[in-house]
*Asks:* 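My structure is below; once you've seen it, I'll send some questions.
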Amino acid sequence: MPTTSHTSQIEEVRKELPRLDSDARSADQLMEGITRLLFDKMLKYNWVGFYMLEPGANPPMLVLGHFQGAMTPHTRIPLNQGICGAAASLGRTVVVDDVRSDPRYLACSVETKSEIVVPVFAGDQVAGELDIDSHFPAAFGPEDRDLVEYCAQIVGKRLEQA
């Protein structure tokens, strides 16, 4: 059950997103703003980043874009690797409550306990994803999933306009 403070954090972020979207001059600027907003306002979100599909890459490759948190060794991820690769390949959100129990997890930090990865669609194609790690186990409940999927939808709509 989410705490009142967690619920209020989510509500605060949701209220901020339309302004962020209207102020951003590009999808790139929007992604930068979203990573900063989620990282700053959501206390259990310890790493927030976008990975975007590299145009024309063979094999298909996710490339790290804007992020907030510690540097990661995983700046390029093939679609057949990791939780990020799984979410992009499957085209659906992947939530892992305990990363140590998921063999797909590509270890970035010993402190990471849980992860959510949400695909970003431009039209009906996966264009990238929003990846969030937490130092807390099972940090991503239904409200978090809705919030992160909403963020990915906003970015996807902006990418369609580009």
Side-chain angles (χ1 to χ4, degrees), residues 9-10 12-14 16-57 59-96 99 102 104-109 111-135 139-140 143-162:
Q9 288 170 3
I10 289 174
E12 185 179 336
V13 168
R14 271 196 175 270
E16 187 73 19
L17 285 166
R19 183 199 60 77
L20 199 64
D21 186 23
S22 67
D23 288 353
R25 292 186 307 273
S26 65
D28 188 63
Q29 195 176 53
L30 178 60
M31 287 185 275
E32 181 180 19
I34 287 173
T35 59
R36 195 169 280 138
L37 178 66
L38 292 175
F39 185 77
D40 290 347
K41 300 288 184 185
M42 299 303 297
L43 300 179
K44 290 186 178 182
Y45 294 13
N46 302 110
W47 191 93
V48 179
F50 281 94
Y51 283 91
M52 302 307 289
L53 277 172
E54 183 176 32
M61 189 73 60
L62 292 161
V63 179
L64 180 62
H66 291 287
F67 72 94
Q68 295 288 311
M71 188 59 205
T72 176
H74 304 290
T75 58
R76 298 174 61 78
I77 302 173
L79 281 190
N80 63 350
Q81 289 185 12
I83 296 166
C84 287
S89 296
L90 298 169
R92 68 173 192 254
T93 299
V94 176
V95 178
V96 178
V99 295
D102 193 316
R104 300 172 298 183
Y105 177 64
L106 298 174
C108 295
S109 166
E111 295 175 321
T112 298
K113 304 288 188 273
S114 58
E115 182 174 17
I116 183 171
V117 184
V118 176
V120 172
F121 286 90
D124 60 353
Q125 297 294 310
V126 173
E129 62 195 20
L130 177 51
D131 178 21
I132 303 176
D133 295 349
S134 179
H135 297 169
F140 306 105
E143 287 183 315
D144 297 280
R145 182 181 180 137
D146 288 346
L147 174 64
V148 179
E149 288 177 345
Y150 179 58
C151 290
Q153 288 168 3
I154 292 170
V155 170
K157 285 184 176 129
R158 181 59 73 93
L159 289 169
E160 290 171 10
Q161 297 167 1

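This is a predicted model, so every value here is computed, not measured.
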*Asks:* Can you see which heavy atom on Ala139 is nearest to which on Ser134, and at what distance?
*Replies:*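 For Ala139 and Ser134, the tightest heavy-atom pair comes out as CB-OG, 3.3 Å.
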*Asks:* So which atom in Leu64 and which in His74 form the shortest heavy-atom distance, rounded to 0.1 Å?
*Replies:*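 Scanning both residues, the minimum pair turns out to be CB-O, 4.4 Å.
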*Asks:* Counting C-beta onward and ignoring hydrogens, is there a side-chain heavy-atom pair between Asp144 and Val95 closer than 4.5 Å?
*Replies:*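 When only atoms from C-beta onward are counted, Val95 and Asp144 do not touch, as no gap falls below 4.5 Å.
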*Asks:* If I take atom CG from residue Asp21 and atom CD from residue Glu16, how far apart are they, to the nearest 0.5 angstrom?
*Replies:*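 Nearest 0.5 Å value for the CG-CD distance: 11.5 Å.
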*Asks:* Can you tell whether the side chains of Arg76 and Glu54 come within less than 4.0 Å, N to carboxylate O?
*Replies:*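 Yes, this pair counts.
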*Asks:* Give, for atom CZ of Phe67 and atom CG of Leu130, the distance between the pair rounded to the nearest 0.5 Å.
*Replies:*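 Between Phe67 CZ and Leu130 CG, I get 14.0 Å after rounding to 0.5 Å.
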*Asks:* Does the side chain to side chain contact (heavy atoms under 4.5 Å, CB included) test come out yes or no for Glu115 and Val99, once each step is laid out?
*Replies:* CA-CA 7 Å; Glu115 182 174 17; Val99 295; 4.0 Å; yes
*Asks:* Taking the side chain as C-beta and beyond, is there a heavy-atom pair between Leu17 and Cys151 under 4.5 Å?
*Replies:*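 Leu17 reaches Cys151 side chain to side chain.
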*Asks:* Nearest 0.5 Å please: distance from the OG1 atom of Thr75 over to the OH atom of Tyr51.
*Replies:*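 Going from OG1 on Thr75 over to OH on Tyr51, the span is 7.5 Å.
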*Asks:* So Leu20 and Ile154, do their side chains get closer than 4.5 Å, heavy atoms only?
*Replies:*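 Side-chain contact under 4.5 Å: no.
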*Asks:* Going by atom type alone, with no hydrogens or angles, which donor-acceptor pairs under 3.5 Å involve a side-chain atom of residues 78-85 and a protein atom two or more places apart or on another chain?
*Replies:*
none

*Asks:* Heavy atoms, side chains only, cut-off 4.5 Å: are Val155 and Ile34 in contact?
*Replies:*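 Val155 reaches Ile34 side chain to side chain.
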*Asks:* Can you measure from NE2 (His135) to CG (Leu43) and round to the nearest 0.5 angstrom?
*Replies:*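 Interatomic distance, His135 NE2 to Leu43 CG, rounded to 0.5 Å: 13.0 Å.
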*Asks:* Looking at CG of Asp131 and CD1 of Ile116, how far apart are the two atoms once the value is rounded to the nearest 0.5 Å?
*Replies:*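 These two atoms lie 9.5 Å from each other.
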*Asks:* Is any NZ, NE, NH1 or NH2 atom of the basic residue among Glu160 and Lys157 found under 4.0 Å from an Asp or Glu carboxylate oxygen of the other?
*Replies:*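 Salt bridge between Glu160 and Lys157, a charged N being under 4.0 Å from a carboxylate O: no.
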*Asks:* Compare every heavy atom of Met31 with every heavy atom of Met52, then report the nearest pair and how far apart it is.
*Replies:*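 That would be SD-SD, 3.8 Å.
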*Asks:* Could you walk me through whether Glu149 and Thr93 pass the side-chain hydrogen bond (donor to acceptor under 3.5 Å, both in side chains) test, one step at a time?
*Replies:* CA-CA 8 Å; Glu149 288 177 345; Thr93 299; 2.6 Å; yes
*Asks:* Would you check if Thr72 and Trp47 make a side-chain contact, meaning some heavy-atom pair closer than 4.5 Å?
*Replies:*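 The answer is yes; the side chains approach within 4.5 Å.
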*Asks:* For the pair Tyr45 and Phe140, name the ring-plane relationship: parallel under 30°, tilted 30 to 60°, perpendicular over 60°.
*Replies:*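 Tilted, since the angle between the ring planes falls between 30° and 60°.
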*Asks:* Taking side chain as C-beta onward, heavy atoms only, is Lys41 less than 4.5 Å from Gln9?
*Replies:*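 The answer is no; the side chains never approach within 4.5 Å.
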*Asks:* Taking all non-hydrogen atoms of both residues, which atom of Ala27 and which atom of Leu159 are closest, and how far apart?
*Replies:*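 The pair with the smallest heavy-atom distance is CB-CD2, 3.6 Å.
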*Asks:* Taking atom CZ of Arg14 as the centre, does the number of heavy atoms from other residues, nucleotides or ligands within less than 6.0 Å exceed 12?
*Replies:*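 Yes.
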*Asks:* So Val48 and Leu38, do their side chains get closer than 4.5 Å, heavy atoms only?
*Replies:*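 Yes, side chains in contact.
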*Asks:* Minimum heavy-atom separation for Thr112 and Ser114, please, with both atom names.
*Replies:*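 Nearest heavy atoms, Thr112 then Ser114: CG2-O, 3.7 Å.
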*Asks:* Shortest non-hydrogen contact from Val118 to Ala152?
*Replies:*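 That would be CG1-CB, 3.6 Å.
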*Asks:* Decide yes or no for His66 and Asp28: does some side-chain heavy atom of the first lie under 4.5 Å from some side-chain heavy atom of the second?
*Replies:*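 Of all side-chain heavy-atom pairs linking Asp28 with His66, at least one is under 4.5 Å.
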*Asks:* Out of curiosity, Gln153 CD to Arg158 CZ, how far, rounded to the nearest 0.5 Å?
*Replies:*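 If we round to the nearest 0.5 Å, Gln153:CD and Arg158:CZ are 15.0 Å apart.
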